Colleague: 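Pasting a structure below so you can have a look.
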Amino acid sequence: PFLGVRGVRVSLRYQDIFKTQLRAIMRAAMHGNICIMIPMVADVTELRQVQALCATCANELEAEHVPFSRHVELGLMAETPASVLLADIFSDEGDFVSIGTNDLTQYLVTADRTNAEVSRYYRIYSPAVFRAIHTICERVHAQGKWVGLCGELGGNLKAIPILIGLGVDELSMSARTVAAATRLIRSLSYQACQHAAKQVLQCRTEEEVVTCLAEFAGSM
(Lines give C-alpha, C1' and ligand atoms only; values in the text may rest on other atoms or scores of the structure.)
Protein backbone atom coordinates (compact mmCIF):
# COMPACT_ATOMS: atom_id res chain seq x y z
CA PRO A 1 0.00 0.00 0.00
CA PHE A 2 1.12 3.57 -0.67
CA LEU A 3 1.05 4.31 3.05
CA GLY A 4 2.55 0.96 4.03
CA VAL A 5 5.62 -1.17 3.43
CA ARG A 6 7.50 0.61 0.64
CA GLY A 7 10.97 1.90 -0.12
CA VAL A 8 13.40 1.86 2.77
CA ARG A 9 10.90 -0.03 4.92
CA VAL A 10 11.14 -3.02 2.58
CA SER A 11 14.93 -2.76 2.44
CA LEU A 12 15.29 -2.73 6.22
CA ARG A 13 12.83 -5.58 6.59
CA TYR A 14 14.83 -7.81 4.21
CA GLN A 15 18.37 -6.83 5.12
CA ASP A 16 20.08 -9.84 3.55
CA ILE A 17 18.74 -8.83 0.14
CA PHE A 18 19.48 -5.17 0.85
CA LYS A 19 23.10 -5.92 1.79
CA THR A 20 23.56 -7.81 -1.48
CA GLN A 21 22.40 -4.69 -3.32
CA LEU A 22 24.64 -2.37 -1.29
CA ARG A 23 27.68 -4.59 -1.84
CA ALA A 24 27.00 -4.66 -5.58
CA ILE A 25 26.74 -0.85 -5.70
CA MET A 26 30.01 -0.43 -3.80
CA ARG A 27 31.75 -2.83 -6.16
CA ALA A 28 30.34 -1.06 -9.21
CA ALA A 29 31.51 2.28 -7.81
CA MET A 30 35.07 1.18 -8.65
CA HIS A 31 34.19 1.86 -12.28
CA GLY A 32 32.22 5.12 -12.09
CA ASN A 33 30.53 7.78 -10.02
CA ILE A 34 27.58 6.17 -8.24
CA CYS A 35 25.29 7.51 -5.52
CA ILE A 36 22.86 5.61 -3.32
CA MET A 37 19.44 7.23 -2.91
CA ILE A 38 17.13 5.84 -0.23
CA PRO A 39 13.39 6.15 -1.00
CA MET A 40 10.48 6.87 1.33
CA VAL A 41 12.55 8.01 4.31
CA ALA A 42 10.40 9.53 7.04
CA ASP A 43 12.71 9.29 10.06
CA VAL A 44 16.42 9.97 10.46
CA THR A 45 16.88 6.63 12.22
CA GLU A 46 16.11 4.94 8.88
CA LEU A 47 18.93 6.85 7.22
CA ARG A 48 21.27 5.94 10.07
CA GLN A 49 20.36 2.27 9.76
CA VAL A 50 21.25 2.34 6.07
CA GLN A 51 24.53 4.10 6.86
CA ALA A 52 25.33 1.38 9.40
CA LEU A 53 24.57 -1.34 6.86
CA CYS A 54 26.81 0.39 4.32
CA ALA A 55 29.64 0.41 6.85
CA THR A 56 29.06 -3.28 7.57
CA CYS A 57 29.12 -4.11 3.86
CA ALA A 58 32.34 -2.15 3.38
CA ASN A 59 34.03 -3.97 6.24
CA GLU A 60 32.90 -7.33 4.87
CA LEU A 61 34.18 -6.56 1.37
CA GLU A 62 37.49 -5.40 2.79
CA ALA A 63 37.86 -8.57 4.85
CA GLU A 64 37.07 -10.65 1.75
CA HIS A 65 39.64 -8.71 -0.31
CA VAL A 66 36.97 -7.76 -2.84
CA PRO A 67 37.68 -4.51 -4.74
CA PHE A 68 35.16 -1.78 -3.88
CA SER A 69 34.88 1.94 -3.23
CA ARG A 70 33.99 3.53 0.08
CA HIS A 71 33.43 6.86 -1.69
CA VAL A 72 29.75 6.44 -2.46
CA GLU A 73 27.45 9.35 -1.63
CA LEU A 74 24.40 8.32 0.38
CA GLY A 75 21.31 10.50 0.21
CA LEU A 76 17.56 10.20 0.33
CA MET A 77 14.51 10.87 -1.76
CA ALA A 78 12.30 13.53 -0.19
CA GLU A 79 8.79 12.32 -0.93
CA THR A 80 7.10 12.26 2.47
CA PRO A 81 5.79 15.30 4.36
CA ALA A 82 8.21 14.38 7.16
CA SER A 83 11.15 14.69 4.78
CA VAL A 84 10.09 18.26 3.96
CA LEU A 85 9.92 19.31 7.60
CA LEU A 86 13.13 17.45 8.51
CA ALA A 87 15.11 18.32 5.37
CA ASP A 88 17.76 20.16 7.37
CA ILE A 89 18.34 17.15 9.61
CA PHE A 90 18.38 14.66 6.75
CA SER A 91 20.81 16.74 4.71
CA ASP A 92 23.03 17.28 7.73
CA GLU A 93 23.40 13.52 8.16
CA GLY A 94 23.26 12.50 4.48
CA ASP A 95 25.14 13.65 1.38
CA PHE A 96 22.26 14.95 -0.74
CA VAL A 97 18.49 15.12 -1.10
CA SER A 98 16.48 14.36 -4.24
CA ILE A 99 12.84 15.41 -4.33
CA GLY A 100 10.45 12.74 -5.63
CA THR A 101 7.61 14.91 -6.88
CA ASN A 102 5.13 12.18 -7.81
CA ASP A 103 4.81 10.65 -4.37
CA LEU A 104 5.39 13.96 -2.57
CA THR A 105 2.45 15.44 -4.46
CA GLN A 106 0.07 12.62 -3.64
CA TYR A 107 0.97 12.74 0.05
CA LEU A 108 0.68 16.54 0.26
CA VAL A 109 -2.74 16.65 -1.41
CA THR A 110 -3.87 13.32 0.11
CA ALA A 111 -4.85 11.73 -3.19
CA ASP A 112 -3.62 8.33 -4.36
CA ARG A 113 -2.41 9.06 -7.91
CA THR A 114 -3.39 5.58 -9.12
CA ASN A 115 -6.98 5.77 -7.85
CA ALA A 116 -9.52 7.10 -10.35
CA GLU A 117 -11.91 8.07 -7.54
CA VAL A 118 -9.53 10.79 -6.32
CA SER A 119 -7.45 11.50 -9.44
CA ARG A 120 -9.01 14.96 -9.80
CA TYR A 121 -7.44 15.92 -6.47
CA TYR A 122 -3.93 14.94 -7.63
CA ARG A 123 -2.66 18.34 -8.75
CA ILE A 124 0.93 18.57 -9.93
CA TYR A 125 0.78 22.37 -9.91
CA SER A 126 -0.54 22.63 -6.37
CA PRO A 127 0.98 25.63 -4.55
CA ALA A 128 1.77 23.23 -1.70
CA VAL A 129 4.15 21.29 -3.94
CA PHE A 130 6.16 24.34 -4.95
CA ARG A 131 6.29 25.62 -1.38
CA ALA A 132 7.54 22.21 -0.23
CA ILE A 133 10.26 22.23 -2.92
CA HIS A 134 11.28 25.74 -1.84
CA THR A 135 11.50 24.67 1.81
CA ILE A 136 13.62 21.64 0.98
CA CYS A 137 16.03 23.64 -1.20
CA GLU A 138 16.51 26.32 1.45
CA ARG A 139 17.14 23.83 4.26
CA VAL A 140 19.41 21.53 2.27
CA HIS A 141 21.49 24.36 0.81
CA ALA A 142 21.92 25.75 4.33
CA GLN A 143 23.76 22.50 5.11
CA GLY A 144 25.97 22.91 2.06
CA LYS A 145 24.43 19.94 0.23
CA TRP A 146 22.84 19.66 -3.21
CA VAL A 147 19.22 19.09 -4.20
CA GLY A 148 18.02 16.93 -7.09
CA LEU A 149 14.48 16.47 -8.36
CA CYS A 150 12.76 13.70 -10.27
CA GLY A 151 9.22 12.73 -11.16
CA GLU A 152 6.65 14.34 -13.41
CA LEU A 153 7.82 17.89 -12.74
CA GLY A 154 11.46 17.11 -13.51
CA GLY A 155 10.81 16.87 -17.24
CA ASN A 156 7.98 19.41 -17.37
CA LEU A 157 9.20 22.24 -19.61
CA LYS A 158 6.70 24.68 -18.14
CA ALA A 159 7.86 23.95 -14.59
CA ILE A 160 11.62 23.75 -15.15
CA PRO A 161 12.25 27.53 -14.97
CA ILE A 162 10.38 27.69 -11.66
CA LEU A 163 12.29 24.71 -10.26
CA ILE A 164 15.57 26.39 -11.14
CA GLY A 165 14.37 29.60 -9.51
CA LEU A 166 13.43 27.69 -6.37
CA GLY A 167 16.99 26.36 -6.10
CA VAL A 168 16.91 22.84 -7.54
CA ASP A 169 20.47 21.89 -8.58
CA GLU A 170 19.85 18.78 -10.66
CA LEU A 171 16.88 17.54 -12.70
CA SER A 172 16.10 13.95 -13.61
CA MET A 173 13.85 13.23 -16.60
CA SER A 174 13.18 10.73 -19.36
CA ALA A 175 15.78 10.57 -22.14
CA ARG A 176 13.38 11.93 -24.76
CA THR A 177 13.01 15.19 -22.81
CA VAL A 178 16.71 15.93 -22.27
CA ALA A 179 17.38 17.75 -25.55
CA ALA A 180 14.39 20.09 -25.24
CA ALA A 181 15.13 20.73 -21.56
CA THR A 182 18.77 21.51 -22.33
CA ARG A 183 17.80 24.05 -25.00
CA LEU A 184 15.32 25.64 -22.62
CA ILE A 185 17.75 25.90 -19.70
CA ARG A 186 20.44 27.46 -21.89
CA SER A 187 17.99 30.18 -22.89
CA LEU A 188 17.01 31.09 -19.34
CA SER A 189 18.13 33.93 -17.10
CA TYR A 190 18.62 32.74 -13.53
CA GLN A 191 17.39 36.07 -12.17
CA ALA A 192 14.22 35.79 -14.26
CA CYS A 193 13.67 32.25 -12.95
CA GLN A 194 14.05 33.47 -9.37
CA HIS A 195 11.54 36.26 -9.99
CA ALA A 196 9.03 33.83 -11.51
CA ALA A 197 9.54 31.41 -8.61
CA LYS A 198 8.75 34.17 -6.10
CA GLN A 199 5.49 34.85 -7.96
CA VAL A 200 4.55 31.15 -7.89
CA LEU A 201 5.17 31.03 -4.14
CA GLN A 202 2.56 33.76 -3.74
CA CYS A 203 -0.10 31.77 -5.60
CA ARG A 204 -3.06 30.43 -3.66
CA THR A 205 -4.55 27.99 -6.18
CA GLU A 206 -3.37 25.60 -8.87
CA GLU A 207 -5.06 27.81 -11.46
CA GLU A 208 -2.96 30.79 -10.36
CA VAL A 209 0.21 28.69 -10.64
CA VAL A 210 -0.74 27.61 -14.17
CA THR A 211 -1.30 31.26 -15.12
CA CYS A 212 2.13 32.22 -13.75
CA LEU A 213 3.81 29.44 -15.71
CA ALA A 214 2.03 30.49 -18.91
CA GLU A 215 2.94 34.15 -18.41
CA PHE A 216 6.60 33.32 -17.88
CA ALA A 217 6.67 31.05 -20.95
CA GLY A 218 5.06 33.82 -22.98
CA SER A 219 7.63 36.37 -21.86
CA MET A 220 10.58 34.33 -23.12
Side-chain angles (χ1 to χ4, degrees), residues 2-3 6-12 15 18 21-22 25-26 28-29 32-58 69-109 124 126-156 159-173 185 190 193-194 197-198 200-201:
F2 276 107
L3 288 173
R6 300 180 65 208
V8 70
R9 297 174 182 178
V10 174
S11 298
L12 294 176
Q15 292 191 15
F18 190 32
Q21 296 170 336
L22 294 174
I25 293 170
M26 291 179 178
N33 181 25
I34 296 179
C35 300
I36 300 175
M37 181 167 63
I38 309 301
M40 296 298 298
V41 176
D43 190 288
V44 73
T45 56
E46 295 166 335
L47 179 60
R48 291 173 180 172
Q49 286 178 275
V50 176
Q51 290 171 329
L53 284 173
C54 286
T56 297
C57 290
S69 175
R70 287 184 181 269
H71 303 294
V72 179
E73 285 192 335
L74 177 65
L76 62 106
M77 183 172 285
E79 51 193 343
T80 64
S83 64
V84 178
L85 298 174
L86 301 175
D88 54 334
I89 295 174
F90 287 141
S91 55
D92 181 50
E93 301 205 15
D95 295 313
F96 66 91
V97 171
S98 183
I99 304 168
T101 59
N102 292 350
D103 277 341
L104 180 60
T105 299
Q106 75 169 351
Y107 293 137
L108 287 175
V109 302
I124 64 170
S126 167
V129 174
F130 289 97
R131 289 192 176 201
I133 293 169
H134 176 62
T135 297
I136 292 170
C137 289
E138 279 197 326
R139 295 184 178 188
V140 174
H141 288 161
Q143 299 296 333
K145 306 296 174 63
W146 60 273
V147 181
L149 184 142
C150 61
E152 220 175 323
L153 277 181
N156 186 314
I160 284 176
I162 308 304
L163 299 176
I164 292 173
L166 291 174
V168 174
D169 301 301
E170 180 181 281
L171 295 169
S172 177
M173 64 193 70
I185 292 170
Y190 184 52
C193 290
Q194 287 180 309
K198 287 180 181 178
V200 167
L201 292 176

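Keep in mind that the numbers below use all heavy atoms, side chains included, and drop hydrogens, waters and symmetry copies. Source: prediction; values computed, not measured.
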Colleague: CZ/F130 to CG/L201 distance, rounded to the nearest 0.5 angstrom?
Modeller: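 Here the rounded value is 9.0 Å.
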Colleague: Check whether any side-chain N or O of E46 sits under 3.5 Å from a backbone N or O of A42 as a donor-acceptor pair, and report yes or no.
Modeller: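 Yes.
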Colleague: Run S91 and V97 through side-chain contact (heavy atoms from CB on, under 4.5 Å) and show every step you take.
Modeller: CA-CA 6 Å; S91 55; V97 171; 4.2 Å; yes
Colleague: Give me the one residue out of R9, M77, E79 that meets side-chain contact (heavy atoms from CB on, under 4.5 Å) with M40.
Modeller: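 Only one of R9, M77, E79 forms a side-chain contact (heavy atoms from CB on, under 4.5 Å) with M40, namely E79.
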Colleague: Can you check whether L153 reaches I133 side chain to side chain, under 4.5 Å on heavy atoms?
Modeller: yes
Colleague: If every non-hydrogen atom of A82 is compared with every non-hydrogen atom of F90, which pair is closest and at what distance?
Modeller: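 Where A82 meets F90 most closely, the heavy atoms are O-CE1, 4.2 Å.
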Colleague: Among K145, Q143, H141, which one satisfies side-chain contact (heavy atoms from CB on, under 4.5 Å) with D88?
Modeller: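 For D88, the side-chain contact (heavy atoms from CB on, under 4.5 Å) check succeeds only for Q143.
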Colleague: Between G94 and L47, what is the shortest heavy-atom contact and its length?
Modeller: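 Closest approach of G94 to L47: N-CD2, 4.0 Å.
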Colleague: If every non-hydrogen atom of A128 is compared with every non-hydrogen atom of L108, which pair is closest and at what distance?
Modeller: O-CD1, 3.9 Å
Colleague: If we only count heavy atoms from C-beta on, is the N156 to I124 side-chain gap below 4.5 Å?
Modeller: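 Sidechains of I124 and N156: in contact.
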Colleague: If you compare all heavy atoms of C193 against all heavy atoms of P161, which two are closest, and at what distance to 0.1 Å?
Modeller: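 That closest heavy-atom pairing would be CB-O, 3.3 Å.
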Colleague: Any side-chain heavy atom of C54 within less than 4.5 Å of one from V72?
Modeller: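 Counting from C-beta outward, C54 and V72 never come under 4.5 Å.
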Colleague: Please report the shortest heavy-atom distance between T80 and Y107, naming the atom on each side.
Modeller: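 Closest approach of T80 to Y107, heavy atoms only: CA-CD1, 4.4 Å.
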Colleague: Verify, without hydrogens or angle tests, whether Q51 (side chain) and E93 (backbone) share a donor-acceptor contact under 3.5 angstrom.
Modeller: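 Yes; judged by distance alone, with no hydrogens or angles, the pair exists.
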Colleague: Rounded to the nearest 0.5 Å, how far does SG of C57 lie from CE of M26?
Modeller: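 Nearest 0.5 Å value for the CE-SG distance: 5.5 Å.
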Colleague: Against I99, only a single residue in L163, L166, L104, V140 fulfils side-chain contact (heavy atoms from CB on, under 4.5 Å); can you say which?
Modeller: L104
Colleague: Measure the shortest side-chain to side-chain distance between Q49 and L53 over non-hydrogen atoms and say whether it is less than 4.5 angstrom.
Modeller: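 The answer is no; the side chains never approach within 4.5 Å.
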Colleague: Nearest 0.5 Å please: distance from the CD1 atom of I136 over to the CZ atom of R131.
Modeller: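 Between I136 CD1 and R131 CZ, I get 14.5 Å after rounding to 0.5 Å.
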Colleague: For L171 and I185, what are the C-alpha separation, side-chain angles and deciding distance, and is it a side-chain contact (heavy atoms from CB on, under 4.5 Å)?
Modeller: CA-CA 11 Å; L171 295 169; I185 292 170; 4.3 Å; yes
Colleague: Indicate yes or no: at least one non-hydrogen side-chain atom of E170 is less than 4.5 angstrom from one of S98.
Modeller: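 With C-beta onward as the side chain, the pair stays apart.
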Colleague: Once rounded to the nearest 0.5 Å, what's the spacing between atom CG of L86 and atom CG of D92?
Modeller: 12.0 Å
Colleague: Between N102 (side chain) and G151 (backbone), is there a donor-acceptor pair under 3.5 Å?
Modeller: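 Not confirmed, N102 side chain does not pair with G151 backbone.
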Colleague: For the CG atom of L12 and the CZ atom of F18, what is their distance to the nearest 0.5 Å?
Modeller: 6.0 Å
Colleague: Any donor and acceptor pair, going by atom type alone, linking the side chain of E73 with main-chain N or O of D95 inside 3.5 Å?
Modeller: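 Not confirmed, E73 side chain does not pair with D95 backbone.
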Colleague: Starting at CD1 of I89, measure out to OG of S83 and round the result to the nearest 0.5 Å.
Modeller: 12.0 Å
Colleague: Nearest heavy-atom pair of R139 and A87: which atoms, and what distance?
Modeller: CB-CB, 4.1 Å
Colleague: Closer than 3.5 angstrom, by distance alone: can the side chain of T101 be matched with the main-chain N or O of C150 as a donor-acceptor pair?
Modeller: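 Side chain of T101 to backbone of C150, a donor-acceptor pair under 3.5 Å: yes, one is there.
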